[in-house]
Amino acid sequence: MPLFSSKFSPKKTPSRKAPISLSNTDLSPQRLEKELGPEVGPIRICLGEMQAVFENGVWIPESGEIGGTFKENETLKKEIQQLEEENNLLKLKFEIVLDMLTEATAESNLDKEELEKLKSQLSTKRSSA
């Protein structure tokens with residue numbers, strides 16, 4: 001006799017009710033204005049002595065120690081970005097000047113070789129005449 005006499009058969013799950021879609025709800029600007037007021041504005045929160053506002057997907061502290069630090073960090077980030085852009089520009093200018101110097105050196109070497117060749121031709125003409 002087998003240890004398990006019946007095969008495994010899970011119970012059927014009950015059918016779900018149809019979800020309420022957002023298209024059925026009235027989200028017209030008039031209704032939103034009526035419920036939330038004429039100007040919704042940014043979302044603000046106050047936790048203890050700290051206040052924060054939600055802007056561009058980020059919570060930005062407005063008061064307290066963190067608020068001052070956050071503002072200082074933002075100015076430092078902008079300054080870092082500006083300095084990085086300036087550094088990239090200076091690197092580009094340096095590369096251009098280095099290329100120009102290389103080109104001038106190559107032309108100078110070619111002119112020097114041509115001058116030496118002409119001197120040697122002139123000296124062979126003088127010695128043969």
Show me the donor-acceptor pairs, under 3.5 Å and distance only, between side chains in residues 104-116 and residues at least two apart or in other chains.
unit_1 : atom_1 : unit_2 : atom_2 : d
Thr105 : OG1    : Leu101 : O      : 2.8

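- Taking CG from Asn73 and NZ from Lys77, the interatomic distance works out to 6.5 Å, rounded to the nearest 0.5 Å.
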Kindly indicate, with the supporting measurements, whether the criterion salt bridge (Lys or Arg N to Asp or Glu O under 4.0 Å) is fulfilled by Glu74 and Lys71. CA-CA 5 Å; Glu74 287 300 309; Lys71 290 175 185 174; over 6 Å; no
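- Residue Glu84 holds its CD atom at 7.5 Å from CG of Asn88, rounded to the nearest 0.5 Å.
- By the rule that hydrophobic residues join a cluster once side-chain heavy atoms approach within less than 4.5 Å of another member, Leu47 and Phe70 end up as members of separate clusters.
- Atom-to-atom distance recorded for Ile80:CD1 and Asn87:CG is 12.5 Å, nearest 0.5 angstrom.
- Rounding to the nearest 0.5 Å gives a distance of 7.0 Å between CD of Glu55 and CZ of Arg44.
- Remark: Glu72 CD is loosely packed, at most 12 non-hydrogen atoms of other residues, nucleotides or ligands lying under 6.0 Å away.
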Pair Glu62, Met50 - check side-chain contact (heavy atoms from CB on, under 4.5 Å), show working. CA-CA 7 Å; Glu62 288 187 323; Met50 189 181 102; over 6 Å; no
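- Both Val53 and Val58 sit in one connected hydrophobic cluster of ILVMFWY residues. Membership requires side-chain heavy atoms under 4.5 Å apart, directly or through other members.
- In this structure, Ile43 is a member of the same hydrophobic cluster as Ile45, with clusters built from ILVMFWY side-chain heavy atoms closer than 4.5 Å.
- Considering every non-hydrogen atom in both Pro61 and Trp59, the closest pair reads CD-O, 3.7 Å.
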